[in-house]
Amino acid sequence: MMIFIWILQLICVPALSPLCMGIIKKIKAKLQNRVGASIFQPYKDIWKLLHKDEVISTDASWVFRFAPFIIFATTIVIGASIPLFASFLKNTLTGDLLVVVYTLALGTFFLALAGMDTGSAFGGFGSSREMTISALAEGCLILALFTTALSIGTTNLFVISNAGMLLSTQFFLSTILAFIGFFIVLLAETGRFPFDNPATHLELTMIHEAMILEYSGKRLALMEWAVANKFFIFATLGANLFFPYGIAHSVDTHAIVIGIIVLLIKIFILCAIVGIIESTMAKFRFFRLPDLLITSLILSALAIGLIQMQIL
Amino acid sequence: MEFIIIISSLLIASLIAILAKHRIIVECVSISASAVALIESFVVAFKVALSGDYTPFAFFSVDALGALLMLIISCVGFAAVAYSIPYLRKETADNIIGFTRVKQYFTLFSLFLGAMFLAISSSSPIFAWIAIEATTLSTAFLISFYNKPSSMEAAWKYLIINSIGLLLGFFGTLLYFTSIDSSLGNGFISWHILTTNAIHMDPLLAKMAFVFVLIGYGTKVGLAPMHTWLPDAHSKAPAPISALLSGVLLNVALVIVLKFKIITDSVIDQSFSQTLLIVFGILSILISALIILSQKSYKRLLAYSSIENMGIIALGFGFGGLGVMAAILHTIYHSLIKSALFFLSGNFLLKYHSAKIANVKGALKALPITSILFLIGFFAITGAPPFGIFLTKLLTFSAGITVHPVITIMAILLTAIVFIGFFKHASAMVFGGKPSEIKEEKESTWLILPPLVLLILVLVLSFYQPPFLQVLIHNSTLYYK
Amino acid sequence: MINLLTSGSGFFLLLLFYTLGAIGSLIFKKKDEWANGWQSLFAIVGSLWGIFFSISAFMTGDLSFAAYSSVFPLLSFSFHIDQLSAFFIFVISLITLFCSLYGIGYIKHYYKKYSISALGFFYHLFIMDMLMVVTASNGLFFLIAWEIMSIASYFLVVYDHNDVNNTKAGFLYLVMTHVGTAFIILAFLLMYKFTNSFDFESIQAQSVAIPVFIKNSIFILALIGFGTKAGIIPFHIWLPAAHPAAPSHVSALMSGVMIKTGIYMMIRLFLDILQPIPLWWGITILIIGSLSALLGVLYALAEHDIKKLLAYHSIENIGIILLGFGSALVFISLGNTLLALFGLGAALFHTLNHATFKSLLFLSAGSVINQTHTRNMEEYGGLIKYMPQTAFFFLVGSMAISALPPFNGFFSEWLTFQTLLQGMTSVNILVKSTFVLATGALAITGGLALACFVKAFGATFLARPRSTEVAHAKESSLSQLIGMGALALCCLLFGIFSGYLGSLFKNIGTHLTVFRNISLPPILSSKINFIAPNNFGSVSALALIVFLILALFIVVLLVKFVINRNQKTKIGATWDCGTNLTQRMEITATGFARSIILIFAGILRPSIQNEIEYRDSKIRYFPKSRTVTLRTRDIYRLYFYLPLNKFITTLSVRAKAIQSGSINMYVFYILIAVAIALFLS
Amino acid sequence: MNIFFLQFLLGILFLSIFYLHLAKKNFGAVIAYSIQSLIITLILLTSFLETNSFFLLFVVLVTLVIKVILAPIFFLRLIQRHKLTFSVSTYLNLPLTLIVLAGFTAIAHSQKFLSLTNIIPVHHALLSLALSAFFVSLFLIINRKDALSQAIGILSLENSIVAFAIFAGLEQSPMLQFGIIFDIFIWLVIATVFISMIYRHFGSLDTSSMKHLKD
């Protein structure tokens with residue numbers, strides 16, 4: 001039974017993430033009153049790209065060739081160590097908050113290097129902008145996640161999500177502030193709207209797209225898939241750490257099914273919010289992004305300040 | 001008996017130097033005289049180590065510190081003679097000086113050594129005063145050796161200021177004689193007699209006498225307000241002479257001040273003489289530290305570094321206790337290293353013909369061995385660990401921190417400033433591009449040997465002290481505590 | 001053999017190896033190959049013996065013995081090796097082993113230019129003195145070893161003395177270290193004043209006699225003195241100048257290990273000798289640590305000379321070590337020794353890790369400079385095609401330094417984060433806000449370090465060469481590769497076995513006086529994973545690495561051989577929207593860091609200068625070439641060090657007025673002296 | 001000899017030093033110095049009459065020869081050869097010098113130096129006068145720019161110390177006195193040689209022109 005749940009946990013992230021991408025595109029299309037592609041279109045795109053031929057630039061080194069595999073593998077590992085639907089797994093080996101943050105950083109590291117490897121101007125600028133944002137975002141992410149860790153008293157994600165009714169207890173205000181900080185970081189890290197327009201190829205604005213400009217064929221598929229996984233991971237972190245309702249506490253199948261359904265609903269709500277933000281808000285100028293990130297930093301620092309839990 | 005041999009051999013050497021016709025005779029006579037002096041002073045030192053004070057007959061008595069200084073004088077004197085022979089040969093080769101000058105040089109040199117030996121070993125203060133006056137007179141001509149207006153000016157200032165200082169010292173010595181009631185008649189009054197019946201002295205008079213003696217002989221030691229003659233004299237004199245002046249003469253004068261300090265300490269308590277020594281010590285460190293920082297000529301730099309080290313030695317004696325032993329060790333190390341440094345500056349002068357730091361660049365290429373030795377000497381004199389001065393400074397400061405913490409903190413910071421200033425000039429001279437006109441020929445070994453031997457001697461003494469030396473240092477620390 | 005290892009003579013044998021190496025290399029003045037062979041052989045043998053000795057000393061616990069009685073009263077050449085010194089001997093010997101291995105190949109390019117025997121002599125003297133610094137148990141003996149270490153490293157920094165700014169860097173280095181030593185001497189003297197002995201045991205026994213005000217001033221003096229050597233922020237200006245000037249395998253040693261001697265002595269002083277300590281000591285060290293970490297990485301970002309960049313990163317990592325150490329101090333003064341032990345473990349683990357990956361980075365940077373003969377990153381590019389192994393080792397080093405999971409950097413930063421997290425739960429507002437500041441600083445430093453090393457690795461190794469020099473770069477020699485390879489392996493192994501190493505750091509702490517009385521040793525880590533106290537979190541290095549490799553293997557298998565079997569991959573030119581891609585189109589290091597520098601303009605104060613060279617100077621319309629230089633102003637030098645220097649020089653010029661030249665004035669000085677002295681008596 | 005006669009002699013000595021300050025011509029300065037040394041020999045003679053040891057008489061004769069005869073001859077030959085009739089001006093103008101001299105004599109007679117001047121209570125007046133002579137000759141070296149008058153200043157300083165020693169009953173064994181005189185003689189020879197060399201190098205005896213060794 002446990003093995004089945006472990007397999008479910010492993011395949012859940014790569015399986016569901018293109019779905020979220022599809023949902024967001026569908027919501028944006030609906031808001032711009034056009035029909036838009038079906039929500040399963042990303043699956044088809046990834047499948048198509050996996051089977052196409054590939055062109056690799058002469059200047060590229062093994063870093064360019066090998067980066068997609070590393071990035072995709074990191075998303076798989078993180079997928080296994082975050083609480084999706086079951087919080088009783090207690091993966092004390094790698095289920096730690098800092099492991100998740102720094103493995104994500106490993107992915108961004110190779111993404112930026114791959115961007116610079118081909119020697120085109122777009123790749124270089126893309127990595128430079130990506131590293132600027134992720135440098136600040138990582139700080140806010142750690143502080144935001146630390147608020148939940150402090151309120152429960154441990155950095156193990158599964159134990160945090162297992163803690164149940166966080167909002168109703170005395171940490172209500174700090175969790176809300178932390179969630180807002182976390183949400184800003186979510187938009188920054190996954191390259192969503194106020195930070196970077198995922199749909200455009202305009203070299204003046206694109207950050208994430210510029211790095212994977214040179215990829216084609218199966219490597220591009222892996223890259224797209226990894227981006228989708230990353231978004232899904234951030235969404236589940238946001239959902240399960242700050243609002244850990246409906247997550248399965250015991251091993252019986254009934255609780256797990258409810259857990260999965262509740263997870264999907266929460267993810268759907270988050271995708272809706274992101275979709276709405278993308279259609280209503282304009283993309284910020286690059287040098288106004290740090291102010292946004294610093295507000296998120298201050299929010300999480302404030303949230304920690306408010307926690308009066310006395311361990312020491 | 002040995003003492004007579006030393007003095008007579010030096011006198012004979014200076015006599016022969018006047019009469020001799022050929023240069024070889026002059027040179028080997030002087031070198032043999034100082035060799036005899038070296039051997040004899042070792043014998044005297046062994047005697048003093050074994051059986052306390054060495055008094056061949058009434059006029060001369062050598063105590064432990066005197067024996068140490070005799071060793072220093074003879075070692076540095078021998079090295080100076082060994083160095084001045086090739087130095088003067090090179091100078092006559094560049095026809096800067098003629099043969100008569102060389103003869104004059106060696107006569108006055110032996111007289112100077114003899115006077116210094118007399119100054120330490122004389123048992124009567126007046127006789128010591130006469131000997132010190134003799135050292136001033138014999139070195140006056142040596143400073144105006146190059147017969148240039150600037151060396152003339154330096155010699156005149158040296159003569160006038162030192163004579164005034166010594167007259168003040170003479171006045172102070174006379175005041176000490178008031179403690180002897182005239183019933184004894186004007187017999188031969190020695191240090192021992194003075195110390196025994198110093199109790200009869202009127203305390204206020206003792207204070208005034210010590211002030212006159214300290215300022216009088218302090219001019220010879222080069223302590224702060226009276227130091228003004230020292231940079232001029234030591235930078236204009238030929239290198240071996242300034243080595244002797246800087247390395248040895250300053251300590252000889254300091255010994256006499258210490259002898260008077262012992263007498264005053266038996267009349268009034270130690271604090272008066274110690275505070276005076278500390279004030280003059282810290283003042284000389286302050287002035288020399290600041291002036292070293294923006295110094296233009298490297299010989300003046302070494303002169304100011306002597307003032308600074310004499311300041312530290314005065315501080316050491318001023319702090320008392322552990323400081324006295326540190327100061328005595330510091331005197332030994334300082335004399336050896338400073339004379340080595342002056343010999344090396346002589347080498348620079350011979351090669352670059354200019355005493356300005358700005359004109360001496362890229363010495364590592366032009367004079368590789370000399371510049372390496374110069375760097376080692378620099379690290380030795382400013383107190384870098386393998387050499388003893390680092391520890392003597394530390395011991396002086398640790399003796400001082402318990403007594404006068406504020407002064408010690410000032411001293412530590414000032415010695416750091418001295419290090420920075422000295423280091424700035426040393427690295428400017430040694431590193432950098434060599435000016436094209438300086439040829440890169442092989443350095444003569446005779447010019448390298450004396451400083452090398454002295455530096456090795458210092459290194460050995462920093463780690464191992466022969467037993468007789470330890471006994472001497474121990475006795476002198478007890479006596480001058 | 002065993003009792004030789006565990007007794008004092010084992011340590012003397014170690015010192016003997018280095019003395020023989022030093023004297024031996026002096027003998028081979030003329031023959032360069034022999035000198036290089038001799039010095040490398042003795043360094044390697046010495047360091048191997050050092051590693052065995054330190055491990056055995058670590059196992060047997062305290063070991064104290066004296067060499068020989070000295071000529072001077074207060075000085076005794078006595079050693080005391082407890083777990084802490086054994087750990088530092090291990091770190092020194094490990095890094096010396098790999099640097100000497102690397103040195104065999106690296107020194108070849110100095111053959112005709114400089115005297116190899118001098119390099120060998122100072123190299124051995126330098127290592128010997130570092131070993132003596134970490135084992136001395138007498139204040140004076142410590143100061144001797146400390147000063148010789150600085151002077152030996154000065155001669156190594158000025159080794160390439162044809163280049164004028166090397167001598168300038170050397171000058172600045174020795175002056176700063178000497179002033180630092182003056183502060184340390186003052187601190188020891190103050191301790192001597194109240195315990196009148198220089199031996200650490202007796203000072204520690206009577207440390208209660210030292211009044212509080214004196215103890216605080218000792219803390220400040222020691223912080224300034226050892227801070228200058230460790231390179232904390234306000235006293236760091238010598239570090240980016242001196243480390244790059246030295247030969248690479250020496251600068252690896254200097255920034256990997258020498259600056260840690262400052263940290264060692266701070267631990268010895270604050271945790272071992274001057275107990276009990278007030279709260280504000282830990283807070284100051286925490287604040288200085290976070291400042292150094294944050295500003296160190298910012299200056300590294302603005303730097304385009306590869307060795308200067310790595311030197312600034314040493315400052316950043318020293319900041320991280322200080323964070324661990326500072327939190328340990330805070331926890332002790334709050335009484336929670338369990339957490340303090342954990343914090344100290346984090347600091348020591350990061351010292352070990354930083355030593356390994358920093359020396360790896362310096363060595364690989366050294367071979368890059370060796371081939372391209374320049375330190376300016378703007379002229380590198382595409383080196384991965386010419387020097388693949390060096391590029392791989394540099395990549396391993398940069399991943400380790402920016403704390404990415406499989407390598408050791410991540411696990412020591414994880415430990416530091418856990419300690420800071422525990423600190424944040426304290427009720428006292430001052431302590432909590434410092435810990436929040438520290439965690440924020442550490443988090444942002446992690447991010448910025450990542451950006452900086454993407455820039456460093458990308459600009460140096462990836463894309464196309466930006467200058468002709470790169471075209472004929474060759475792979476570094478075998479010995480260099482072995483040196484770097486072994487260090488990269490160490491980074492990985494320390495990462496994997498960090499669980500086991502954690503338990504070692506536990507009993508390093510227990511032997512310091514302050515921890516001797518704690519009852520239950522914390523379960524710092526079982527064999528497989530780290531567990532923070534009050535089970536705040538746990539990570540298993542082994543499982544993480546196995547997961548990563550497994551996932552990677554499955555993905556590659558699935559995509560490459562299952563789904564994509566019959567697709568072809570074609571090699572084409574990078575897409576260049578129609579123009580032919582020149583190497584000017586690539587991003588440069590300045591371009592990469594420009595956005596971050598502009599964001600942090602307040603701190604870095606950038607100034608952009610562009611010179612335009614016209615084809616014909618009269619008609620200023622057709623620019624031939626345009627160079628843009630982005631420079632950040634060094635505010636410390638500008639607002640603190642230069643005014644101080646100017647003040648002292650004006651003081652000295654005014655003091656020269658005493659020597660006015662007129663003889664009457666001189667005699668007047670004597671009269672004044674007589675008058676004042678008489679008046680006062 | 002009664003105190004009154006000794007006081008008269010010391011008064012002339014003090015006046016001669018006073019005159020040295022005001023002397024315009026070098027010749028006058030040398031003559032003043034020779035008068036001074038004559039008085040010192042007379043004082044030595046009086047102390048010889050009390051103890052009448054033969055050696056002391058020999059010392060008196062030697063001082064007479066060196067200080068009274070030889071020194072002026074050296075200096076006068078120097079003045080003729082280089083035509084140095086006018087001595088260089090002083091730092092302070094005349095009235096100011098006189099005020100300073102008065103100040104020094106007042107200090108010498110003040111309470112501060114009571115312990116010095118009361119070594120032999122009877123000779124209190126003599127000792128304080130000798131002490132003021134000491135300070136005045138010290139000030140002479142500071143005030144005069146001329147090298148010759150500086151040399152004479154030092155010799156008069158030595159004379160005042162010897163006077164003080166005799167009146168304080170501290171005179172030495174004749175052998176040491178002979179050593180001191182011999183020393184003064186050597187100093188005299190060297191000083192004259194140096195003054196002639198200064199004249200050859202600097203063209204005048206003005207020491208304020210010797211300002212090259214600055215920092």
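Sequence lines set the chain letters: A, B, ... in the order given, protein chains first and strands last, and positions in each chain run from 1.
In this structure, chain C has a heavy atom under 4.5 Å from the backbone of Leu213(D), while its side chain stays farther away.
Other residues, nucleotides and ligands contribute more than 12 heavy atoms inside 6.0 Å of the CD atom of Glu611(C). Other residues, nucleotides and ligands place more than 12 heavy atoms under 6.0 Å from the NZ atom of Lys112(D). Surrounding OH of Tyr110(C) are more than 12 heavy atoms belonging to other residues, nucleotides or ligands, all under 6.0 Å away. Heavy atoms from other residues, nucleotides or ligands lying under 6.0 Å from NZ of Lys25(D) number 12 at most. Around the CZ atom of Phe27(D), the shell of radius 6.0 Å holds no more than 12 heavy atoms that belong to other residues, nucleotides or ligands.
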Below 3.5 Å, can you tabulate the donor-acceptor pairs from side chains in residues 65-82 of chain D to any protein atom, sequence neighbours excluded?
{"unit_1": "Lys67(D)", "atom_1": "NZ", "unit_2": "Glu158(D)", "atom_2": "OE1", "d": "2.9"}
{"unit_1": "Lys67(D)", "atom_1": "NZ", "unit_2": "Asn159(D)", "atom_2": "OD1", "d": "2.7"}

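Within residues 154-171 of chain C, no residue approaches chain D closer than 4.5 Å by heavy atoms. For a heavy-atom cut-off of 4.5 Å, chain D lies close to Lys656(C), Gln659(C), Ser660(C), Gly661(C), Ser662(C), Ile663(C), Asn664(C), Tyr666(C), Val667(C), Phe668(C), Leu671(C), Leu678(C), Phe679(C) in residues 650-679 of chain C. The contact list for residues 145-154 of chain D toward chain C, using heavy atoms and a distance under 4.5 Å, reads Lys145(D), Gln150(D) by residue number.
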